[in-house]
There are 2 protein chains.
Amino acid sequence: MLHDEVVNRIRAILLDGEIPPGARIPERELCERLEISRTPLREALKVLAAEGLVQLLPHRGSRAAKLTDKDMRDLFEVCQGLEALAGELACERISDAEIDAIAAAHADMVQHYRERDLIQYYRGNRAIHEAIVTAAGNPVLAGLYASVTARIRRARYVTPMTAQRWALAVKEHEAILNALQRRDGVGLAHILRAHLRHKREEVLQAGFAETEGNDVTLRIA
Amino acid sequence: MLHDEVVNRIRAILLDGEIPPGARIPERELCERLEISRTPLREALKVLAAEGLVQLLPHRGSRAAKLTDKDMRDLFEVCQGLEALAGELACERISDAEIDAIAAAHADMVQHYRERDLIQYYRGNRAIHEAIVTAAGNPVLAGLYASVTARIRRARYVTPMTAQRWALAVKEHEAILNALQRRDGVGLAHILRAHLRHKREEVLQAGFAETEGNDVTLRIA
DNA sequence: GAGCTCTGTTTTGAATGCAAAAATGAACTT
DNA sequence: AAGTTCATTTTTGCATTCAAAACAGAGCTC
């Protein structure tokens, strides 16, 4: 198994919440499961620590990173900035074919909204945002975006998605698609910022906080 | 020696250009120099690879990453976005004391400009930009910024800093300080973007490209 | 009975050893 | 002489080993 693959598999385990935030990472167990020895496992853990997904405590092993409200806020803030930048760049560089693909994904997502299928809706949502970042044509940006969204997503949350909020989100997405089609970079950046600000408010208002007593209620498998 | 320290020392070696871009990283030699064995060294190299400073080639060792024109452009683009975001946030959160400190650093830098001391000027310049990022009060942002600027700086370049360009840069810095003092986030973001765009143009126009034949002329020790 | 100390166990972090892959280079072919 | 092939050397990547640090728990002190 290649180094990157080891990193990705452990990342997936963390993102899936299989090792909950704050929990110790069982070195020996993971070694057996991935059928590797401690050396490559530890290399991967250091990489993930640099990414912010794992916390290393000298002589006390590694734990799955636990996010505070502040961390979450910071991550959203940066995510906003990155998406806004991606939106602007995407408008300059996106091809008609890419716009069509995003329009299709958007229609798909709206359909899931109509069916009130939250999971599929989220999936479609994510695909659109990722497509915009990809369309920006900047791998450095894409890399940072992936790292930030991974950390956010790792804290699996379910916001109490009210009908109003959901409707608003869909409306915003329509505006996003519209701005893209008009290739209105500045407008798109603004909409994306507002969109994420709303998302953040939802999440934080829902009482996100990965503290001892408060992390079970909001987590889904 | 602690893990992070190993990473930092190797990072410093790379940033200092002691191992030029594209060059093989001599594992054995570095081990002797840092007085560590291969295990911790290799852990550090994987971390630096995740950061983008080192390139790992399976079964062929690691090399100091080499940046193309495109990489450089991408890095500057992201850097612009991050600084603009930092500027906006800083205006919301910066304390009077921090503003005073930046004003002092600015005066210092202007003095170096008057003395035409480019090295000191660059140093002061960097300190101001870093202070703004710090003032944004967002460690996630600060971390990404550090990673991006490290990669940019690693490609040590000397742009043919003409009198006009230098004067313009100083003028822009005055506007930056001014916007900060007025706590004009949007304005500051704009100025920072323009400032970095100019910087990028300088660097790229100067013919940056870490290709085989073209990497000596522009590098300083 | 609460708290401290000391000892045995576990776990961590790093050095070493070993198998496999790549680089080197000498001999050979054309 | 240029290119190819094969054996030798070097380097890489990982498993294992080893010392030191943290942990756990029994016994001791007060």
Side-chain angles (χ1 to χ4, degrees), chain A residues 1-14 17-66 143 154 210-212, chain B residues 1-14 17-66 143 154 210-213 215:
Chain A
M1 184 152 46
L2 213 57
H3 164 73
D4 279 339
E5 206 186 322
V6 176
V7 174
N8 285 333
R9 286 197 54 184
I10 302 174
R11 204 202 322 265
I13 290 173
L14 291 169
E18 212 174 313
I19 297 176
R24 271 186 66 142
I25 293 174
E27 258 186 33
R28 189 152 299 282
E29 225 174 274
L30 265 186
C31 285
E32 286 168 21
R33 175 158 162 196
L34 303 183
E35 291 175 305
I36 54 176
S37 78
R38 283 179 58 224
T39 307
L41 178 80
R42 288 169 53 77
E43 283 172 357
L45 288 178
K46 306 243 159 153
V47 169
L48 291 167
E51 269 181 42
L53 282 173
V54 165
Q55 194 178 2
L56 298 177
L57 301 126
H59 293 286
R60 286 187 193 184
S62 36
R63 315 181 83 82
K66 187 186 284 191
R154 189 185 136 290
E210 291 189 330
T211 42
E212 315 306 315
Chain B
M1 183 153 47
L2 215 57
H3 163 74
D4 279 340
E5 207 187 323
V6 176
V7 175
N8 286 333
R9 287 196 55 185
I10 302 174
R11 203 199 325 261
I13 290 173
L14 291 169
E18 212 174 312
I19 298 176
R24 273 185 64 138
I25 293 175
E27 259 187 30
R28 191 151 298 283
E29 225 174 274
L30 265 185
C31 284
E32 284 167 25
R33 174 158 163 198
L34 302 183
E35 291 175 306
I36 54 176
S37 76
R38 284 179 56 222
T39 307
L41 178 81
R42 288 168 53 76
E43 283 172 357
L45 288 178
K46 306 246 157 147
V47 169
L48 291 167
E51 269 180 42
L53 281 173
V54 165
Q55 194 178 2
L56 297 178
L57 302 127
H59 293 287
R60 287 185 195 184
S62 36
R63 313 181 84 82
K66 188 185 285 192
R154 188 184 138 289
E210 290 188 333
T211 40
E212 316 305 315
D215 61 334

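Chain letters run A, B, ... following the sequence lines, proteins first and then strands; every chain starts at 1.
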- Query: Quick one, which residues of residues 39-56 of chain A touch DNA chain C with a heavy atom under 4.0 Å?
  - Reply: A:Arg42
- Item | A:Arg63 side chain vs A:Gly22 backbone, donor-acceptor pair below 3.5 Å | yes
- Heavy-atom pair of closest approach, residues A:Pro40 and A:Val6: O-CG1, 4.3 Å
Could you go over nucleotides 18-25 of chain D and give all protein N or O partners under 3.5 Å, atom names and distances?
none

- Specify the separation, in whole Å, of atom CD of B:Glu29 and atom P of D:dT10. 16 Å
- Specify the separation, in whole Å, of atom NE2 of A:His3 and atom P of D:dG13. 10 Å
- Could you grab the distance from atom CD1 of B:Ile10 to atom CD1 of B:Ile36, nearest 0.5 Å is fine? 6.0 Å
- Message: Distance under 4.0 Å to a non-hydrogen atom of chain B counts as contact; along DNA chain C, which nucleotides mark the start and end?
- Response: C:dA14 to C:dA23
- Item | Interatomic distance where CD belongs to A:Glu27 and C1' belongs to D:dT16 [whole Å] | 14 Å
- Query: Hey, mind stepping through A:Arg33 and A:Glu18 against salt bridge (charged side-chain N to carboxylate O under 4.0 Å, His left out) and telling me if it holds?
  - Reply: CA-CA 13 Å; A:Arg33 175 158 162 196; A:Glu18 212 174 313; 2.6 Å; yes
- Query: Side chains of B:Val47 and B:His3: does their closest heavy-atom pair fall under 4.5 Å?
  - Reply: yes
- How close do A:Gly52 and A:Ala65 get, heavy atom to heavy atom, and via which atoms? O-CB, 3.5 Å
- Kindly give the heavy-atom pair with the smallest separation between B:Ile19 and B:Arg24, and that separation in Å. CG2-O, 4.1 Å
- Chi angles and distances behind the side-chain contact (heavy atoms from CB on, under 4.5 Å) call for A:Arg28, A:Arg38: CA-CA 7 Å; A:Arg28 189 152 299 282; A:Arg38 283 179 58 224; 4.2 Å; yes
- Item | Pairwise side-chain contact, B:Glu35 with B:Met1, heavy-atom cut-off 4.5 Å (strictly under) | no
- Message: Please give me the minimum heavy-atom distance between A:Leu41 and A:Glu27, naming the atom from each residue.
- Response: CD2-O, 3.5 Å
